[in-house]
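Notes for the one structure printed next.
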Amino acid sequence: MLGLMQDYPLLTHTILDHAALNHGEREMVTRGVEGPVRRTSLADIRTRSLKVAKALELEGVKLGDRIGTMAWNTERHVETWFGIMGNGAIYHTLNPRLFAEQLGYIVNHAEDKIIFVDLTFVPILEALRDKFPTVRKYVVLTDAEHMPDTALPNAVAYEDWIGAVDDDFEWKSFDENTAAGLCYTSGTTGNPKGVLYSHRSNVLHGLMVNQPDVFGLKSEDVIMAVVPMFHANAWALTFAVPAAGAKMVMPGAGMDGASIYELLDSEKVNSTAAVPTVWLGLMQYLEETGKKLPYLEKVVVGGAACPPMMIRKFELDYGVEVIHGWGMTEMSPLGTTGKMKNATSHLDQEARLKLKEKQGRTPYLVEMKVVDDAGDELPRDGQSSGHLLVKGPCISKGYFRLDEKTLTDDGWFDTGDIANIDPLGYMQITDRDKDVIKSGGEWISSIDIENTAVGCEGVAEAAVIGLPHPKWTERPLLIVVRNPGSEVDAETVLAYLDGKIAKWWMPNDVVFVDEIPHTATGKIQKMDLREQFRDFEFSN
Ligand code: ADP
């Protein structure tokens, strides 16, 4: 027997309708790519999104067409997403940090019809334009005054383009499982793979991250979405913030410490989210200027392990709650957050800070387990590390146009991370499965060593890779980038690690480099490092 409840498909534009009706006056503030800060409201965002949908309709865009966006976090980028989805088309985020060949691959693989592009990125697309046979129009996200003289074929300024239509458009209606968004994983090997979100998964994921033990946003909040919309769905903020009716602050191209600080301060931002490297920039700025963060209450740090030193500085020096998050593009992307819970209330400050180093526990709608090489589940004892598998309605079951089995027979997705789960449900990542270091039959956690090493004075960034060793199979090599002006040496770093990590994890050597290579989403390229140090010989 079926229930007798209404058939109300979870379509993303219902979020915007709700926001405009109930929080229409709420502001969205953007640092424009052109320079000045712009202010708009959730009601205006809806009106302009309807215009985007109508203009796309006039361009002949159809259900299921892919529309590229290569843009910073701005109100215009939000409007394009909602306009595209409200027309039944699919936003396809183009990460401008991808290599040219990868960008060429994904635009052609997706067969993008139109690309919305920010002024900053026009030159990137100009260089590639001849390689994009499917793209018939470029909409530059600016007004007539700032429109560049561009070699992009059929280029038009966004404000002119939507200015030519009215908002008399009815959102299209379709099944909630209809595709809404496409985001390619950066892929360290082979071609990028497209993760295809649906309306249903975007809506559910937006609601999921608004649970109090996750981001917990409410209408009084002012949240700055620093994590880019081209990086794994902006961690759901494009959906979660309007659903809550919170004020949204968008940093545009200003991702440096000073620009971030300026908006945090002037807009009285109380919540924000980004990867650790962004927060390192902010912390450097705060230390140089002696400024504080009087309005900020919580910061979500994820995408890479949050260094313990960062947790301590935010919490103890600036009074800001750190919510450590873990996830991946295939998970929409959020998987866990490290909020405290009732069973941790007895912990003293030191123990709580330590627990926050873990990647955290799952909200309702994410299931996870850790299994051994044979696929058997390992106990939740906080010790047994294995392959981390996940399941849920916002987790991908396959890649766009790729005929490849991606789930286990019983429907679990292997994240490629190695982790353990403790009895309270807090998960800790120890490595990527392809980066684990096997020494004498045991695993060494490169992430733990890296996290600890960045606490040493003078160390700006650290990476640990395993290299072959005649006796132990593999041993860790620590690769360090020094802070500007620092002369920290190997002995000092090793002495700092001593006592903070297991003795047998101690790196056999420390080398210093000017730069560590990163992927397009800011992760350390360990494959490149292993290649670079292929012929390195340990001194012991
Ligand atoms: P994103 O960069 O949006 O997190 P990706 O799909 O590019 O998504 O990368 C996902 C991977 O990033 C995870 O599988 C994990 O290895 C790593 N990662 C994400 N968050 C964390 C975290 N808090 N700690 C450690 N690793 C993390």
Side-chain angles (χ1 to χ4, degrees), residues 1-19 49 52-53 56-57 61-69 80-93 106 109-113 169-185 193-211 229 232-240 242-243 327-335 362-367 390-413:
M1 189 186 296
L2 293 178
L4 283 172
M5 304 311 278
Q6 294 183 9
D7 185 13
Y8 183 96
L10 300 178
L11 301 178
T12 52
H13 57 248
T14 58
I15 292 180
L16 199 53
D17 289 347
H18 164 81
S49 302
V52 172
L56 288 172
E57 182 85 350
V61 168
K62 304 241 162 359
L63 185 78
D65 279 349
R66 275 77 59 201
I67 308 294
T69 67
T80 63
W81 273 29
F82 279 105
I84 292 167
M85 292 182 289
N87 190 330
I90 301 167
Y91 63 86
H92 169 204
T93 47
I106 66 175
H109 188 258
E111 298 188 56
D112 291 336
K113 292 267 177 359
F169 182 84
E170 245 185 74
W171 302 123
K172 298 271 180 65
S173 195
F174 29 75
D175 187 282
E176 63 180 14
N177 289 300
T178 303
L182 178 63
C183 180
Y184 283 77
T185 59
K193 295 172 177 177
V195 178
L196 193 57
Y197 308 116
S198 66
H199 281 258
R200 175 184 152 86
S201 71
N202 272 343
V203 172
L204 285 178
H205 188 251
L207 296 178
M208 183 186 99
V209 306
N210 256 355
Q211 295 176 79
M229 291 165 73
N233 238 354
W235 301 354
L237 293 176
T238 325
F239 306 107
M328 61 194 313
T329 306
E330 287 88 338
M331 298 179 74
S332 288
L334 194 100
T362 50
Y364 170 61
L365 292 186
V366 179
E367 288 183 46
V390 290
K391 198 181 239 194
C394 314
I395 298 172
S396 75
K397 63 177 177 189
Y399 294 105
F400 182 55
R401 293 181 161 168
L402 211 64
D403 194 12
E404 168 183 303
K405 184 170 179 302
T406 56
L407 301 184
T408 62
D409 288 340
D410 51 352
W412 291 84
F413 176 79

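The chain is numbered in sequence order, starting from 1.
Closest of all the heavy-atom pairs between T238 and A234 is OG1-CB, 3.9 Å. Residues L63 and T178 approach most closely at CD1-CG2, 4.3 Å, considering heavy atoms. In this structure, H13 and G86 approach most closely via the heavy-atom pair ND1-CA, 4.0 Å. Contact detail for W81 and T69: the closest heavy-atom pair is NE1-OG1, 3.8 Å. When all heavy atoms are compared, the tightest approach of I15 to V203 is CD1-CG2, 4.2 Å. Minimum interatomic distance between I395 and V366 (heavy atoms only, all atoms of both residues): CD1-CG1, 4.5 Å.
The distance from atom CG of D7 to atom CG of L2, rounded to the nearest 0.5 Å, is 11.0 Å. For the atom pair CZ of R401 and CG of L196, the computed distance is 10.0 Å after rounding to the nearest 0.5 Å. For the atom pair CG of L16 and CZ of F239, the computed distance is 10.5 Å after rounding to the nearest 0.5 Å. The NZ atom of K62 sits 8.5 Å away from atom NZ of K172, with the distance rounded to the nearest 0.5 Å. Taking OG of S201 as the start and CE of M208 as the end, the distance is 10.5 Å to the nearest 0.5 Å. Taking CD1 of I90 as the start and SG of C183 as the end, the distance is 13.0 Å to the nearest 0.5 Å.
Between Y184 and H109, the ring-plane angle classifies as perpendicular under the 30° and 60° cut-offs.
Using a 4.5 Å heavy-atom threshold, the side chains of V61 and I84 count as separate. Side-chain contact between H199 and L10 is absent, with no heavy atoms from C-beta onward closer than 4.5 Å. F400 has its side chain out of reach of H92: every pair of non-hydrogen atoms, C-beta onward, lies at least 4.5 Å apart.
Side chains of N202 and N233: a donor on one and an acceptor on the other come within 3.5 Å. The closest side-chain donor-acceptor pair between Y399 and E330 falls under 3.5 angstrom.
A salt bridge does not link E367 with K391: every distance from a Lys NZ or Arg NE/NH1/NH2 to an Asp or Glu carboxylate oxygen is 4.0 Å or more.
Counted within 6.0 Å of CD on E404, heavy atoms from surrounding residues, nucleotides or ligands total more than 12; the atom is thus considered enclosed. For Y364, the OH atom sits in a loose shell: 12 or fewer heavy atoms of surrounding residues, nucleotides or ligands are nearer than 6.0 Å.
Put simply, the side chain of D65 never gets that close to the backbone of A89: no donor and acceptor are under 3.5 Å apart. S49 places no side-chain N or O within donor-acceptor distance of the main-chain N or O of F82, the cut-off being under 3.5 Å. With hydrogens and angles ignored, the 3.5 Å screen pairs no side-chain donor or acceptor of T329 with any backbone N or O of A232. Proximity of a side-chain donor or acceptor of R66 to a complementary backbone N or O of A110 within less than 3.5 Å is detected.
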ring-ring contact (aromatic ring centres under 6.0 Å, His included) for H205 and Y197? Distances and angles first, verdict last.
CA-CA 10 Å; H205 188 251; Y197 308 116; 7.9 Å; no

